[in-house]
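Just below is one structure, and these are the notes that go with it.
In what follows, chains carry the letters A, B, and so on, assigned in the order in which the sequence lines appear, proteins first and then strands, with residues in each chain numbered from 1.
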Number of protein chains: 2
Amino acid sequence: MGSGESSERCEPYRARVDRWRTSASVLDEVRRSPGLTRVELATRLNLSSATTTETVARLRESGWLCEDRAPISGRGRPTTCLRPAPDGPRVLALDLRHEDWRLAVAGLDGVPTVLCSGRRGDDLTEQLRRAIGAAAPAAPGTNDSFVASTGTNESFVPNGSGGRPPLALGLAVPAPLSDDVFVRATELDWAPIAADLVAGPDHPEIPVLPGNDATLAGLAEARTGAAVGAGTALSLTVEVGIGGTLLLDGRPQLGAHGAAGEFGHLPFGDPAIPCACGAWGCWAPELDGRALARHLGVDPPADPRTFATEILDRADAGDEAALAAVARVAAALGRGVAGLVNAHDPEVVVLGGLAPRLRGPAFDEAYERGLMAFRRADPTPVLDGVHGDDAPLDGAVALALDDVTSAEGLARAIG
Amino acid sequence: MGSGESSERCEPYRARVDRWRTSASVLDEVRRSPGLTRVELATRLNLSSATTTETVARLRESGWLCEDRAPISGRGRPTTCLRPAPDGPRVLALDLRHEDWRLAVAGLDGVPTVLCSGRRGDDLTEQLRRAIGAAAPAAPGTNDSFVASTGTNESFVPNGSGGRPPLALGLAVPAPLSDDVFVRATELDWAPIAADLVAGPDHPEIPVLPGNDATLAGLAEARTGAAVGAGTALSLTVEVGIGGTLLLDGRPQLGAHGAAGEFGHLPFGDPAIPCACGAWGCWAPELDGRALARHLGVDPPADPRTFATEILDRADAGDEAALAAVARVAAALGRGVAGLVNAHDPEVVVLGGLAPRLRGPAFDEAYERGLMAFRRADPTPVLDGVHGDDAPLDGAVALALDDVTSAEGLARAIG
DNA sequence: CGCTTTTCCTCGCCATCCGAGCATAATGAG
DNA sequence: CTCATTATGCTCGGATGGCGAGGAAAAGCG
């Protein structure tokens with residue numbers, strides 16, 4: 001071990017990453033507002049004209065950005081608009097749901113194209129590995145040998161990845177995560193999936209980035225949805241129970257084990273009512289189809305999601321009993337949202353899943369009543385999410401793209 | 001407006017700040033673990049030996065760091081230990097409380113020395129300006145002309161700032177903040193204070209950084225207390241009501257208007273009980289002296305803080321009625337803490353103010369009962385804060401030092 | 001056709017961070 | 001005491017990023 005041999009330092013980390021720091025922020029800005037001009041970019045990031053030239057040229061040559069002429073307005077040399085390159089790097093996104101799954105590919109524009117989907121079967125892991133193997137060919141260009149191997153419940157759209165191997169896989173899972181392991185492993189035996197997907201005989205090793213579906217839904221809204229530009233945003237999704245995430249500068253708060261965002265298990269409810277999670281008085285059982293069933297005096301439904309949509313439909317049709325039950329649930333939602341606004345002071349609250357359908361006078365009244373008085377003059381806006389059922393998939397894309405377009409990711413991919 | 005004149009860009013921001021980025025992280029690391037060796041520093045930050053030499057030399061010459069010989073262990077050239085320079089830059093910290101105030105000065109080690117204090121009077125702003133003027137002389141070295149101008153209720157310790165003008169003022173206020181304005185302006189007419197303190201006839205302009213006292217208490221615990229090193233930490237302080245903060249990598253989550261951390265106004269309580277804040281069913285009224293009074297069946301106390309300590313003393317002495325009342329409050333605390341752990345997945349929870357005295361079987365039982373089942377195998381530790389009543393002051397110091405030792409702050413002060 | 005306006009590009013400068021080699025200061029074996 | 005060993009600090013030249021200045025380019029306007 002001579003003196004020149006660096007003992008512990010594995011990499012010239014700082015120089016390698018610093019080199020791409022500015023490129024990463026440029027890419028970030030272009031992803032955030034595609035089509036912005038070079039001049040606008042430079043002023044936003046406080047870059048000199050020289051640096052802009054240098055950075056944009058490098059990203060263009062690497063095939064990450066493309067430029068086209070901006071519409072001319074007035075005098076002066078025309079500038080160019082910057083966009084993610086349409087044939088640039090790609091990522092995969094996998095949306096696992098209770099009953100089915102979807103695999104999509106997306107470019108830097110963040111718009112996913114669904115490649116294949118299937119219903120959840122016993123051989124789920126095998127299904128997914130086949131799908132990923134088809135989408136992420138081990139050697140570039142070999143995915144022409146793609147055969148529409150439609151199994152029992154699967155459907156494929158060939159050749160979505162455009163020949164370049166994807167750089168990462170975002171993974172949305174409908175369960176709490178803790179240290180990248182699914183918590184309700186009894187219910188959804190997906191614990192080993194993330195590990196199994198990292199590499200397989202069919203495809204090269206790519207980073208797999210798992211995230212809770214409600215967390216990723218919030219991420220999607222923060223990047224391209226109702227919470228764009230918010231420094232602090234709160235996203236809440238009602239499906240079975242309620243999930244969500246607190247977003248700070250567009251980044252979800254993940255917690256020590258990645259299990260943050262379980263707002264449904266704040267004790268906003270009746271302390272005498274037990275929750276499936278094992279705690280008492282949780283908010284979640286007051287909000288979904290099970291709560292509606294309780295208010296209607298019927299047995300707990302097997303599928304709370306479907307039951308809830310039925311009741312909401314009946315309420316929309318004017319059914320008095322359904323309206324009363326929905327109002328009680330809406331009030332519970334509004335009361336809790338107000339408390340979270342008090343606690344976290346978000347710029348905006350975004351509702352997803354069934355929550356938008358719960359809004360109405362009962363929600364509004366409970367929301368205002370639950371706010372601290374000084375907030376009522378200018379109450380935090382509560383908006384409906386714009387991503388709908390695609391939110392977790394769109395969020396998985398964003399998660400993967402964030403990894404790929406970070407300074408570290410660029411250093412990995414280009415430098 | 002020639003072509004060379006940069007139109008909007010006011011500063012060569014990037015180069016100016018990048019220059020100090022590494023210095024800032026070095027300073028951060030040394031503040032976090034004073035006395036660490038150069039080698040340890042280099043491995044932690046992934047710096048080459050050359051860069052370490054360069055950066056440390058610059059910080060030493062600027063008077064921010066000092067080196068002394070490390071205790072030798074084994075062969076090899078002995079290394080040095082890095083510490084904040086004892087005669088380095090200083091900051092001021094002002095702790096405003098309901099009844100009194102304290103002004104302190106601190107070096108980079110973050111240990112405050114109280115310079116003066118006083119009871120809150122009608123001329124508070126004038127008191128504070130005099131005190132700050134004495135501590136932050138307009139011209140360096142002129143504070144020898146200090147006269148112990150002990151007014152009615154003030155006491156001074158002269159010459160704490162050591163001749164160098166302080167670089168910033170951290171300000172702890174016992175009220176919710178929103179956009180740097182105190183919310184309960186009716187109760188505590190301190191709204192104009194922050195603005196007034198920025199500059200005055202007696203002292204030069206220095207940045208004033210206000211923060212809520214409970215937020216700053218959490219900051220202190222995250223930096224040098226019970227939450228050191230936690231990626232996600234939750235700090236809760238019971239005084240009158242309950243305040244707190246969610247800390248991410250040691251930085252408090254502030255919210256859109258800086259009003260985050262009002263966990264006391266989450267609806268963990270009885271929805272029929274109104275809170276002074278204007279909402280209903282808040283957690284706060286279940287936790288402090290007013291809750292104890294309610295459980296004991298006596299009138300609401302004028303000073304809930306003092307009343308609570310009396311009841312806690314009686315409970316410690318074995319008074320049955322007091323014990324029962326405390327147990328109910330402790331259960332309310334434990335239940336809410338568990339919910340917050342479910343929602344935010346912190347690495348550690350730190351309790352301050354009266355909260356440590358509330359802990360006991362009732363708290364523990366409610367805490368465990370409120371946790372999601374999967375958390376019970378390895379419950380998030382709940383620790384008592386180590387800063388005690390000094391926590392807000394210590395946090396104000398940390399807030400000011402963070403500003404001063406950031407890359408921007410270094411560029412301002414040195415570059 | 002030239003002038004104005006706005007933007008882009010090239011060049012030299014200075015900064016950081018790096019690797020390599022050498023210098024330095026301790027231990028410990030003989 | 002001397003010298004090999006070991007761990008660390010320092011110096012130097014090189015690579016690279018960001019900047020300012022000046023000139024070039026591309027449009028409109030008269």
Side-chain angles (χ1 to χ4, degrees), chain A residues 1-26 36-43 45-60 67 69-82 407 410-411 414-415, chain B residues 1-26 36-43 45-60 67 69-82 407 410-411 414-415:
Chain A
M1 297 290 166
S3 60
E5 177 97 7
S6 55
S7 46
E8 269 84 18
R9 298 177 55 248
C10 41
E11 286 282 323
Y13 179 80
R14 220 163 186 92
R16 261 179 69 88
V17 171
D18 277 5
R19 180 169 315 161
W20 294 102
R21 189 186 306 281
T22 302
S23 297
S25 54
V26 165
L36 92 170
T37 66
R38 287 174 73 133
V39 185
E40 181 61 24
L41 175 78
T43 46
L45 296 181
N46 239 312
L47 292 174
S48 70
S49 147
T51 306
T52 309
T53 299
E54 160 83 15
T55 309
V56 169
R58 196 162 55 185
L59 286 173
R60 185 157 25 81
E67 286 182 287
R69 308 193 93 76
I72 41 182
S73 63
R75 290 189 182 181
R77 177 170 174 170
T79 184
T80 54
C81 290
L82 299 169
L410 290 176
I414 313 179
Chain B
M1 296 288 167
S3 62
E5 178 99 5
S6 55
S7 46
E8 270 83 21
R9 300 177 54 248
C10 42
E11 285 282 324
Y13 178 83
R14 219 159 186 95
R16 261 178 69 89
V17 171
D18 276 7
R19 179 170 315 162
W20 294 101
R21 190 185 304 280
T22 303
S23 296
S25 56
V26 165
L36 92 169
T37 66
R38 287 176 71 132
V39 185
E40 180 61 23
L41 175 78
T43 45
L45 296 182
N46 239 313
L47 292 174
S48 70
S49 147
T51 306
T52 308
T53 299
E54 163 82 15
T55 308
V56 168
R58 197 164 52 185
L59 286 173
R60 185 158 25 82
E67 286 182 287
R69 308 193 93 78
I72 40 184
S73 64
R75 291 188 182 184
R77 176 172 176 170
T79 184
T80 54
C81 291
L82 299 169
L410 289 176
I414 312 180

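- Comparing A/G76 and A/E54, the nucleotide of DNA chain D nearest to each residue sits closer to the 5' end for A/E54.
- Under the 3.5 Å distance criterion, with hydrogens and angles disregarded, no donor-acceptor pair is assigned to the side chains of B/T80 and B/R69.
- Taking atom CG on A/L47 and atom P on C/dC9, their separation rounds to 14 Å, with Å as the unit.
- Minimum atom distance to the side chain of B/R19 is reached by C/dA15, of the listed C/dC18, C/dA15, C/dA26.
- The separation between A/R60 atom CZ and C/dC8 atom P is 11 Å, rounded to whole Å.
- Side-chain atoms of A/T43 come within 3.5 Å of backbone N or O of A/V39 as a donor-acceptor pair.
- Close to C/dT16, at under 4.0 Å from its OP1 or OP2, lies no side-chain N or O of B/T55.
- Spacing between atom CD of A/E40 and atom P of C/dC8 amounts to 12 Å, rounded to whole angstrom units.
- Minimum heavy-atom separation, B/C81 to B/A70: SG-CB, 3.6 Å.
- In this structure, B/W20 and B/P78 both approach DNA chain C, and ranking their closest nucleotides by distance from the 5' end singles out B/W20.
- Regarding B/L82, its CG atom lies at a distance of 9 Å from the P atom of D/dG9, rounded to whole Å.
- Between the CG atom of A/L41 and the P atom of C/dT7 there is a distance of 13 Å, rounded to whole Å.
- Between the CH2 atom of A/W20 and the OG1 atom of A/T55 there is a distance of 9.5 Å, given to the nearest 0.5 Å.
- The base of C/dC9 sits within donor-acceptor range of the side chain of A/S49, with an N or O pair under 3.5 Å.
- Contact annotation: A/R38 side-chain N/O to C/dC9 OP1/OP2 distance is under 4.0 Å.
- For D/dG17, the OP1/OP2 oxygens have a side-chain nitrogen or oxygen of A/R58 closer than 4.0 Å.
- For the OP1/OP2 pair of C/dC18 and a distance below 4.0 Å, the side-chain nitrogens and oxygens of B/T51 include at least one atom meeting the criterion.
- When the nucleotides C/dC8, D/dG9, D/dC29 are ranked by their closest atom to the side chain of A/R75, D/dC29 comes out on top.
- The backbone N or O of B/L47 sits nowhere less than 3.5 Å from a side-chain atom of B/T51 that would complete a donor-acceptor pair.
- Spacing between atom CG of A/L45 and atom P of D/dG17 amounts to 17 Å, rounded to whole angstrom units.
- Taking every side-chain heavy atom of B/R77 into account, D/dG9 is the closest of C/dT27, D/dG20, D/dG9.
- Side-chain proximity of B/T80 to the nucleotides C/dT7, D/dG9, C/dT27 is greatest for D/dG9.
- The distance from atom CD of B/E67 to atom C1' of D/dC10 is 12 Å, rounded to the nearest whole Å.
- Taking the side chain of B/A50 as heavy atoms from C-beta on, and the options D/dC19, D/dA26, D/dT11, the nearest nucleotide is D/dT11.
- No hydrogens or angles considered: nothing links the side chains of B/S49 and B/T52 as a donor-acceptor pair under 3.5 Å.
- Look at B/T52 and you won't find any side-chain N or O under 4.0 angstrom from OP1 or OP2 of D/dG9.
- The side chain of A/S48 contributes no N or O atom lying less than 4.0 Å from OP1 or OP2 of D/dG20.
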